[in-house]
Amino acid sequence: MSKPVRVRFAPSPTGPLHIGGVRTALFNYLFAKKNNGVFYLRIEDTDQNRYVLGAEQYIFEALDWLGIAPSETVGRNEKFGPYRQSERKELYKQYADQLLNSGWAYYAFDSAEVLDFHRKQHEDQGKTFIYNWHNREKLDTSLVTSKEETEKRIASGEAYVVRFKTPVNETLHLHDIIRGDISFETNLLDDKVLFKSDGMPTYHLANIVDDHLMETSHVIRGEEWLPSMPLHSLLYKAFGWEAPEFAHLPLILKPIGNGKLSKRDGDKLGFPVFPLEWKTEEGTSSGYREKGFFPEAVINFLALLGWNDGTEQEMFSLEELVEKFDLNRVHKAGAKFDPDKNKWFNHQYLQKQSDESLAESFVRDSSFVRMTNKPEMTKLVKIVSLIKERANFVSEFWEMSSFFFEAPTSYDEKASKNWKEDTGDLMKQLIAVLSGIEDFTSVNIETIVKDWMSQNEIGMGKVMQPFRLSLVGALKGPHLFDIVELIGKEETIKRLEKAITSL
């Protein structure tokens with residue numbers, strides 16, 4: 001690489017950050033770290049009509065939570081600041097003027113009504129209206145009026161835009177790191193608007209100018225920006241600047257059907273498409289953080305949407321991802337989002353957590369907070385160690401363990417059919433056995449109870465199923481004698497007595 005690696009994530013603060021945007025940020029972060037470069041974030045807020053209050057802060061908070069915060073951004077190491085485009089608007093006009101003076105751009109005065117007329121006229125003839133080489137000298141532009149007349153119209157306050165003058169009859173041969181060599185015919189491109197009379201640049205001009213001034217070496221962005229690649233390459237040529245290398249990432253696709261993953265897919269199938277919760281007057285959109293996902297699990301899952309290291313490995317720490325990441329191993333085809341795989345990753349990371357940290361998370365869970373008789377932390381840590389293997393999220397702990405804290409108020413109907421005529425008598429005998437045990441630990445209780453069953457030739461199913469049903473209310477939960485030890489002798493006997501009278 002000829003120049004130092006500097007890559008950027010440049011979101012617009014128009015709403016919550018989509019998970020596809022997060023993956024773009026992640027791939028930029030990994031590429032920068034792999035190449036000892038800089039990952040910076042620029043807020044592209046030139047379209048003030050679409051600006052949403054709180055969206056900018058949301059972007060920073062999301063990247064911080066995920067552990068991929070930029071090293072340069074608004075208020076942080078602003079080496080090429082400002083990093084908010086709305087604060088840079090004064091500098092774009094000089095670059096628009098430079099393009100006008102060099103013949104790479106022109107003024108267009110067409111009103112919205114006139115352009116609508118042309119679009120409808122073309123639609124009626126089954127055509128698409130494109131503003132470019134074949135009609136730009138027939139429309140209301142500075143290409144067909146004198147310099148004096150153009151300056152007079154601008155001075156009088158007439159509305160205008162500055163359009164890029166796309167070259168005619170050229171084939172652009174461009175290279176994309178992911179997609180290889182691509183060709184574009186300039187005659188098929190439209191003359192995009194670069195600058196408006198309100199003093200604001202469009203995305204295309206601001207993006208190119210800022211990428212150049214901020215010394216961006218590689219532009220790694222979503223596939224939806226691929227159609228902009230020829231214009232952006234031509235703009236670099238028009239300014240006489242060296243273009244960065246381009247890499248267009250594949251789309252993240254719907255789990256079912258075709259097309260790009262949307263919020264509606266998440267709502268329909270019950271999974272988040274935003275890193276953090278997003279609240280509006282219309283309602284709340286769920287977030288990965290609030291749903292109980294570990295940030296490391298989200299990062300690991302997203303990294304494998306469109307990239308792999310060529311092995312069967314699935315579990316990667318952020319450090320391993322940095323070490324192994326290579327843009328040449330990013331796929332061209334879209335990557336289908338799999339909600340079940342998403343949960344699987346969270347399950348794997350949950351198992352890696354210490355029982356102590358999971359117990360602390362459990363204490364903060366809303367179901368636990370509402371509990372009246374809270375257990376000691378030592379006991380809670382032990383309970384967590386027994387149930388975590390079956391859980392994907394800490395939020396599932398309460399449902400899996402409520403019987404440790406509260407006696408069942410009802411009994412599973414299907415399991416209750418195992419309660420036979422002699423079951424009550426057997427449970428009374430079991431109570432007598434349990435009452436005589438001094439060392440009330442799981443291993444000792446199990447040994448004594450099984451010895452009693454063996455000596456009296458009582459089948460396991462005749463005792464163990466009703467025993468579990470009495471304590472839990474269903475035939476579920478971890479090792480039965482671990483439950484017995486943790487709820488204690490008095491509570492175990494109490495629950496057995498209640499089951500005898502209830503069942």
Side-chain angles (χ1 to χ4, degrees), residues 7-30 32-33 39-45 52-71 73-74 76 220-222 224 249 251-255 260-280 282-307 316-318 321-322 335-350 361 364 392-395:
V7 293
R8 49 68 167 177
F9 178 50
S12 298
T14 56
L17 182 59
H18 187 274
I19 207 70
V22 173
R23 189 196 57 175
T24 299
L26 171 62
F27 282 18
N28 274 279
Y29 176 93
L30 296 176
K33 298 297 178 188
F39 167 58
Y40 74 90
L41 186 146
R42 182 174 70 234
I43 295 292
E44 301 204 333
D45 59 346
V52 173
L53 194 66
E56 184 180 308
Q57 185 53 41
Y58 178 100
I59 292 163
F60 294 128
E61 191 179 337
L63 298 186
D64 283 343
W65 176 67
L66 289 161
I68 54 170
S71 51
T73 189
V74 178
R76 185 186 303 163
I220 304 167
R221 59 190 180 186
E224 61 270 28
L249 306 174
L251 293 175
I252 297 179
L253 304 174
K254 299 171 181 285
K260 186 178 174 182
L261 178 72
S262 70
K263 177 185 174 296
R264 195 174 299 154
D265 298 311
D267 293 342
K268 194 189 300 179
L269 297 172
F271 63 86
V273 295
F274 303 128
L276 315 178
E277 190 175 77
W278 177 257
K279 292 182 179 178
T280 63
E282 288 76 42
T284 301
S285 298
S286 64
Y288 276 90
R289 182 177 65 184
E290 291 73 18
K291 279 282 189 181
F293 280 85
F294 294 99
E296 301 90 345
V298 178
I299 288 291
N300 198 154
F301 172 69
L302 283 180
L304 297 178
L305 280 179
W307 171 87
F316 293 90
S317 66
L318 188 56
L321 287 170
V322 167
K336 190 155 278 198
F337 187 95
D338 183 348
D340 292 331
K341 193 70 176 179
N342 204 2
K343 285 182 186 174
W344 179 87
F345 273 103
N346 209 62
H347 174 83
Q348 303 305 316
Y349 278 89
L350 188 145
S361 299
R364 295 191 292 272
N392 292 321
F393 302 98
V394 171
S395 58

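Just so we're clear, the structure is a prediction, and the values are computed from it rather than from any experiment.
Under the 3.5 Å distance criterion, the side-chain polar atoms of Y288 are matched with a main-chain donor or acceptor of P272. Between the side chain of S71 and the main chain of F39, a donor-acceptor pair closer than 3.5 Å is present. When atom types are taken as modelled, the side chain of N346 and the backbone of N392 share a donor-acceptor pair closer than 3.5 angstrom. Between the N28 side chain and the I220 main chain, a donor and an acceptor come within less than 3.5 Å of each other. Counting only distance, with no hydrogens or angles, the side chain of Y58 and the backbone of L276 share a donor-acceptor pair below 3.5 Å.
Aromatic ring centroids of F393 and F293 lie under 6.0 Å apart. Aromatic pair F27/W307: centroids not less than 6.0 angstrom apart. For F337 and F301, the ring centers are positioned less than 6.0 Å apart.
Around NZ of K343, the count of heavy atoms belonging to other residues, nucleotides or ligands within 6.0 Å does not exceed 12. Within a 6.0 Å radius of NZ in K341, more than 12 heavy atoms belonging to other residues, nucleotides or ligands are found.
Of all heavy-atom pairs between K254 and K336, the closest is O-CG, 3.2 Å. Minimum heavy-atom separation, F294 to W65: C-CZ2, 4.4 Å. In this structure, L41 and P11 approach most closely via the heavy-atom pair CG-CD, 4.1 Å. The heavy-atom pair separating G67 from L318 by the smallest distance is O-CD2, 3.6 Å. Of all heavy-atom pairs spanning W278 and L53, the tightest one is CH2-O, 4.1 Å. Nearest heavy-atom pair, P275 versus A62, reported as atom, atom and distance to 0.1 Å: CG-CB, 3.6 Å.
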Next on the checklist: Before you tell me yes or no, could you show the steps for R364 and V394 under side chain to side chain contact (heavy atoms under 4.5 Å, CB included), namely the whole-Å CA-CA distance, both residues' side-chain angles and the distance that decides it to 0.1 Å?
Outcome noted: CA-CA 10 Å; R364 295 191 292 272; V394 171; over 6 Å; no
Checklist entry - Can V273 and D265 be said to form a side chain to side chain contact (heavy atoms under 4.5 Å, CB included), step by step? => result CA-CA 8 Å; V273 295; D265 298 311; 5.7 Å; no
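Counting heavy atoms from C-beta on, the side chains of I43 and F60 come closer than 4.5 Å. Between P255 and L261 there is a side-chain heavy-atom pair separated by less than 4.5 Å.
In this structure, CG on D45 lies 7.0 Å from CD on E56, to the nearest 0.5 angstrom. Between L269 atom CG and D340 atom CG the span is 9.5 Å, to the nearest 0.5 Å. The structure places CG of L305 at 9.0 Å from CD1 of I19, a figure rounded to the nearest 0.5 Å. Put simply, NZ on K33 and CD1 on I68 are 11.0 Å apart, with the number rounded to the nearest 0.5 Å. Residue F316 holds its CZ atom at 11.0 Å from CG of L30, rounded to the nearest 0.5 Å. If you take CG on L63 and CG on L17, they are separated by 6.5 Å, rounding to the nearest 0.5 Å.
Applying the side chain to side chain donor-acceptor pair (under 3.5 Å) rule to pairs touching residues 289-304 yields E61-R289, N300-Y349, sequence neighbours excluded.
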